[in-house]
Amino acid sequence: MKASQFFISTQKEAPAEAEVVSHQLMTRAGMIKRLGSGIYSYMPMGLRVIRKVESIIREEMNRAGAIELLMPVVQPAELWMETGRFQAYGPELLRLKDRHDRDFVIQPTSEEVITDIARQELRSYKQLPKNLYHIQTKFRDERRPRFGVMRGREFTMKDAYSFDRDFSSAQKSYDAMYRAYCAIFDRMGLTYRAVAADTGAIGGDASHEFQVIADTGEDAIVYCPASDYAANIELAEALSLIAARASPSEVMKKAATPGKSTCEEVATLLDLPLHRTVKSLVLATDERSPAGDIAKTTVWLLLVRGDHSLNEVKASKVEGLKQGWRFATLHEIDEHFGTPPGYLGPIGTRKPVRVIADRTVANMSDFVCGANEVDFHLTGVNWGRDLPEPDVVTDIRNVVEGDPSPDGSGPLAIQRGIEVGHVFLLGTKYSAAMGANYLDETGKPQPMIMGCYGIGVTRILGAAVEQNHDERGIVWPEALAPFTVVICPIGYDRSPSVQQHADELHDQLTRLGIDVMLDDRGERPGAMFADWELIGVPLRVVISDRGLKEGQVEVQGRRDAAATAVPFMGVSDFLKSRLTA
Ligand SMILES: Nc1ncnc2c1ncn2[C@@H]1O[C@H](COP(=O)(O)OP(=O)(O)O)[C@@H](O)[C@H]1O
Ligand SMILES: [Mg+2]
């Protein structure tokens, strides 16, 4: 490829809205172009990277036995009504009507359509297992599209769906996908971690996320450096930090804490460590009558240690909160506690509340909490003596760095990650809702056991750049780079010898199947080098009259500190030796 025949549109400045480096660099390198919030055109340079991502995914999916098909972007709402997701899916689901006033959706994912195909096509146990996938445009009307292609509204996803006759076979399909994902991200040259994940609204039994490690990641990954324990913080189990509750040593006292409404402020004022305080959070659940009106509201007081934070995903799994909860209103808080937030506690509430204590809180003694009186807290509080035992004791907090690993292997560490892939064992959630049954050996209909497996194709570009860049621009891993070698001739338009050697090397490398770019634009060396460093091509060959006098050219890897002089005669062998693929 010659630059004059390609489309290069590098820019000096990043757009003002680009908060993270990948968004800035991908825009400056001319890979993406914003059309609207969370909607991008993939420019020729960026599309080349997307195609490489897709082909690695295709090869590994096919190798793992999955079969490619292509399902529509616009899908009739009827199918989504069958699973209840037309109503249940939030505003992320883009709903639209056609000219006949019929409802449609723009797919955010394709469980409904693939299950519809499966129930028509997969009728006998003899046809199972099957794993079908496509690489297709998705639309999710994200509340906060941001970070360029990492959280877009329109994006490309590879989604695969497996169909099995029983759970042990489904587990094998899941394991095969897990291994394929490792192969995919290994080949892409990304540093990643597979972590146990919450199964969320989609439901199901087993789930792992593939997280590319990067400080700007939206997810917190909890792992144990001494073992293979790794989980999303949403799921990572927090053990009690106090093995057994000590007996009381203080009497309960009311302490004046004027204007001090946070645990930090109270601990400072009372000159106590933060881990002696307890934080109160108030939730509410509503029971509805058959007509849909609120018949009864229950108020819940959740207690976590002052230095801990509530984990909302865990709270949502507690019996009684499972059906859905909300934060209590100020009015409800006043009604039950007689005091505004900041001075709330479990002792002396006006109306009964259900008390859920985190495991650590349940083992605390002589602790500090709000007194249910403005400007006052209680100290020396003890379970059993000053207040009844909590109604529920369970894990409702986020793990913090240094917590003991649930597998007993030592302290936990936390790092940030970007979710690029997700594997789920779904079970029968969709097959049961849509009647996707097969006939077993005895002719009896059985629901198919499903798994679903997503990879954020376009998000991978952003994640790869977050992980691989420097002050000059992108440093693509070789497998993803839009071009693997760029030839930069000095004076291409002036020197016949430079032009002839550059063209010759370009043709040689093309014949070898190497993705080579020849920059024949006649740019000044500084500007030309800056462009290709910004774009992030792994290897650069500089051809100049001065070098050619010695029969040499200069080769420099994108991460190399200096260039290497290489005889022109041997340069294609040298380049091959520097490339892994
Ligand atoms: N808004 C988005 N923009 C880009 N990629 C996305 C977006 N949402 C999801 N993805 C990608 O698609 C993959 C599968 O999505 P899924 O797990 O269903 O999404 P989520 O975790 O947001 O519910 C994710 O692992 C991620 O890589
Ligand atoms: Mg996910």
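Atoms within each ligand, like the ligands themselves, are counted from 1 in listed order. Computed from a predicted model, the values in this text were never measured in an experiment.
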Looking only at non-hydrogen atoms, the one of R459, R146, R151, Q211 nearest atom 7 (C) of ligand 1 is R459
- Message: Under 6.0 Å from the ring centre and within 45 degrees of the ring axis: does the NZ or CZ of R95 meet both conditions for the six-membered ring of F86?
- Response: yes
For M157, the ligand 1 atoms with a heavy-atom partner under 4.0 Å come out as 12 (O), 14 (C), 15 (O)
Logged contact type for E419 with ligand 1, heavy-atom cut-off 4.0 Å, is both
**Message:** Does the plane of the ring in H208 sit parallel, tilted or perpendicular to the ring in Y174? Use 30° and 60° as the thresholds.
**Reply:** tilted
Consider every N or O of I455 and every N or O of ligand 1, then say whether any pair is closer than 3.5 Å. no
- Message: I want to know if ligand 1 touches E142 in the polar sense, i.e. an N/O pair below 3.5 angstrom.
- Response: yes
Atoms of ligand 1 under 4.0 Å from any heavy atom of V420, numbered from 1 in the order shown, are 25 (O), 27 (O)
Notebook entry, point to check: Under 3.5 Å, is there a donor-acceptor pair between the side chain of K279 and the main chain of H308?
Noted result: yes
| Parallel, tilted or perpendicular for W80 and Y89, by the 30°/60° rule? | perpendicular
Original post:
At the 4.0 Å heavy-atom cut-off, does M150 count as touching ligand 1?
Top reply: yes
With respect to the Mg ion (ligand 2), please indicate if E209 possesses an N, O or S atom at a distance under 2.8 Å. no
Practice prompt. May I ask you to decide if L241's main-chain N or O and T360's side chain share a donor-acceptor pair within less than 3.5 Å?
Written response: yes
- Query: Do any heavy atoms of V149 fall under 4.0 Å from ligand 1?
  - Reply: yes
Nearest heavy atom to atom 19 (O) of ligand 1, choosing from H422, K158, R140, belongs to R140
query: F155 ring centre to R459 NZ or CZ under 6.0 Å, with the angle to the axis within 45°?
result: no
| request: Over 60° means perpendicular and under 30° means parallel, so classify the ring planes of Y181 and F185, tilted if in between. | output: perpendicular
Honestly, for I460 the part within reach of ligand 1 (heavy atoms, under 4.0 Å) is neither
query: Is there side-chain contact between Q127 and Y438, with heavy atoms separated by less than 4.5 Å?
result: no
### Task
Check the angle between the aromatic planes of F210 and Y192 and answer parallel, tilted or perpendicular using the 30° and 60° thresholds.
tilted
Output field for angle at the Mg ion (ligand 2), H422.ND1 vs E419.OE2, rounded to 10°, should show 90°
Please check whether F155 reaches ligand 1 - meaning an N/O of the residue sits under 3.5 Å from an N/O of the ligand, judged on distance alone. no
Checking heavy atoms under 4.0 Å, the part of K138 that sits near ligand 1 is neither
